[in-house]
J.: 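Sharing a structure with you now.
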Amino acid sequence: MASDSFRNARGTRDLYPDDLLLIHHLERTAVAVAQAAAYREVRTPLFEETRLFRRSLGEATDVVEKEMFTVPRRTAEGAEVSSTSDPLSFTFRPEGTASVVRAYLQGGYAARAPLQKWYYVGPMFRYERPQKGRERQFTQFGVEAFGAQSATLDAEVIGIALDFFQRLGFGEQLEVRMNSMGDPEDRALWKDKLRDYFTPQFEGEQIERCADCRDRFTRNILRLLDCKVPRCQDLNVGAPDLFEVMNEDALMHHQQVGEALRAIGFEPKEDRSIVRGLDYYSRTVFEVHYPPLGARSALCGGGRYDGLVEEMGGRPTPGVGFSVGFTPTELAMAELGLPPAGDLDDLRAEAAPQVFAIAVSAEDRLPLFALVEDLRRAGVRCELDHRGKSPKAQFKEAAKSQARFALVLGPDERVAGQVVLRDLQQKQEAPVAVADLVNTVTLALSAP
RNA sequence: GUGGGCGUAGCUCAGUUGGUUAGAGCAUCGGUUUGUGGUACCGAAGGUCGCGGGUUCGAGUCCCGUUGCCCACCCCA
């Protein structure tokens, strides 16, 4: 732990073999639920031109203003062209949607086959102060569906998120909270009304709002609505409601999404405080919550972004998606005791060797290594000692490795053209002819 | 960016009002009469107590600085 030893960069994490048992479980579950709904995987580069994110997420968002992981690009001479303000610098993706939309357009999918349903799992990057459940590099699972404005598509997307958590072991208390952001015209009208309504609170000498709200008032007025300061919440009572000015289609869409969710067994909870932080959302916005987790109950967020594809230079194309952070999911699972110990053992067993080969004398090592290789080629997970341990120590290691069988080769067996195959669970052993080894082992492993 | 807490063996931590060669558990390695295991017992190895300075006869223990990590706020996955 010397001060000059190398360390991982702040906000990053090494995932060791044991950690990856759970991570693989999450990844496989994500792939399974996405594929069940006929979503196909898309992979985009980890970094993009900075202007992509400025445009899609919105200039005034926190992500763009202070959390961008930006690197300068270089000129032909190799000199650095500096800073975030350089529109052609590169930024490591802070979320998935912008890149996926870009790829959707660039790949010509809008013209070719407008309805596209994609998912992704991969690392995202935000340059912010690390904290519990928050890292500078983190993994997200997300889905994006382009080309239909139907309410069943919203419900399908939300359903995938719910499936994901259910398969991981989250129970009946999973909750969908949803709201609508209306269409852009509705939102513009609403913002005007909010500004008119709130302006008096920010005028004169006695400003009752908290300092954050003062800032929000000019930067992003919608955020006033989810301020957690009690007095600010009181001051929000009676503010204009978006639903009063929302157009008929958007209202109806919102209702239909609710019906579609009820059709698949979920009663969504209306929550007017859900105002997602990114600019591109329209109509449906939602979060999946698990109330037993208390303050940190939000597991997943997403919504519709019908204007985004057009904003990015494509023909008007509706879209809807969500993303889940693995880190909060892991945290939640740890708190809930998931996955159950038995499941974790199964995951571990998948990686453990099935056969542990033991050499009695030094002369047995090379022939044994050859036998091990035969088994490996036949698909048997097989391990042996590489450190010259005593037979006794090899047996200890075999036991610890969780292998089902020990394969023992000594001078006696070598002369007889045999090995001893010991069942470490049943504590029984029998000689096996070397020629029959692969078949015998394969057969024994396939039997219960 | 603002505030708080903490840095002692690979890991989790003890270290009394500052006092002689800094401890435990787990993990590692070896052994318990030489070809049969997960338990038990015995033993070994492993630390310039984050780094630098100061106070003191003496500092892991007190003070200052520095660095790293963690937590909270902001915001979010």
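Naming convention: chains lettered A, B, ... in sequence-line order (proteins, then strands); numbering from 1 in each chain.
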J.: Between C71(B) and U36(B), how far apart are the P atoms? Round to whole Å, please.
T.: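 The answer is 50 Å between these two P atoms.
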
J.: How close or far is atom C1' of A77(B) from atom CZ of Phe326(A), stated in whole angstroms?
T.: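 The distance from CZ of Phe326(A) to C1' of A77(B) comes to 11 Å, rounded to the nearest Å.
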
J.: Taking atom C1' in both A45(B) and C29(B), what distance in whole Å separates the two?
T.: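 After rounding to an integer number of Å, I get 7 Å for this pair.
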
J.: Suppose you measure atom C1' in A22(B) against the same atom in A9(B); what distance do you get, rounded to whole Å?
T.: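 To the nearest whole Å, 11 Å.
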
J.: Does a side-chain heavy-atom distance below 4.5 Å link Tyr290(A) with Phe165(A)?
T.: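 Side chain of Tyr290(A) against side chain of Phe165(A), heavy atoms only: no contact under 4.5 Å found.
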
J.: When every nucleotide of nucleotides 25-38 of chain B is labelled 5' to 3' by its protein contacts under 4.0 Å (heavy atoms), B for base, S for sugar-phosphate only, - for none, what sequence of letters results?
T.: ---SSS-B--BBBB

J.: What about Arg129(A): does its side chain form a donor-acceptor pair under 3.5 Å with the base of U2(B)?
T.: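 Indeed, a donor on one side and an acceptor on the other fall under 3.5 Å apart.
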
J.: Given that Pro130(A) and Arg126(A) both sit by RNA chain B, which one's nearest nucleotide is further toward the 5' end?
T.: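 The residue closer to the strand's 5' end, by nearest nucleotide, is Pro130(A).
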
J.: Distance check, C1' atoms only: G60(B) and G47(B), in whole angstrom units.
T.: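 Per the computed distance, 11 Å lies between those C1' atoms.
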
J.: What's the verdict on side chain to side chain contact (heavy atoms under 4.5 Å, CB included) for Val157(A) and Thr284(A), showing C-alpha distance, side-chain angles and the deciding distance?
T.: CA-CA 11 Å; Val157(A) 163; Thr284(A) 309; over 6 Å; no

J.: Which is it for Arg387(A) and Asp385(A) under the salt bridge (charged side-chain N to carboxylate O under 4.0 Å, His left out) test, yes or no, and what are the steps along the way?
T.: CA-CA 6 Å; Arg387(A) 306 211 299 162; Asp385(A) 170 58; 5.1 Å; no

J.: For A40(B) versus G35(B), give the span between their C1' atoms, rounded off to a whole number of Å.
T.: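 My reading of the C1' atoms in A40(B) and G35(B) gives 22 Å.
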
J.: Out of C75(B), A72(B), C69(B), which has the shortest distance to the side chain of Arg7(A)?
T.: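 Between C75(B), A72(B), C69(B), the one nearest the side chain of Arg7(A) would be C69(B).
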
J.: Please check: side-chain N/O of Asn8(A) versus main-chain N/O of Thr12(A), any donor-acceptor pairing under 3.5 Å?
T.: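 It does hold such a pair.
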
J.: Tell whether Glu287(A) reaches the base of A77(B) with its side chain through a donor-acceptor pair below 3.5 angstrom.
T.: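 Such a pair does not exist between side chain and base.
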
J.: For Phe138(A) and for Asn8(A), find the nucleotide of RNA chain B with the closest heavy atom, then tell me which residue's nucleotide is more 5'.
T.: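 In this pair, the answer is Asn8(A).
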
J.: Identify the residue among Phe164(A), Phe326(A), Tyr120(A), Tyr39(A) that makes a ring-ring contact (aromatic ring centres under 6.0 Å, His included) with Phe141(A).
T.: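 The single option meeting the ring-ring contact (aromatic ring centres under 6.0 Å, His included) with Phe141(A) is Phe164(A).
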
J.: Less than 6.0 angstrom from the centroid, inside 45 degrees of the normal: does Arg136(A) satisfy that with respect to the ring of Tyr127(A)?
T.: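 Satisfied, under 6.0 Å and within 45°.
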
J.: Using the P atom in both, what is the distance from G19(B) to U33(B), to the nearest Å?
T.: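 Nearest-Å result for G19(B) against U33(B) at atom P: 45 Å.
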
J.: Determine the Euclidean distance between corresponding P atoms of A27(B) and U20(B); express it in Å to zero decimal places.
T.: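 Their P atoms lie roughly 31 Å apart.
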
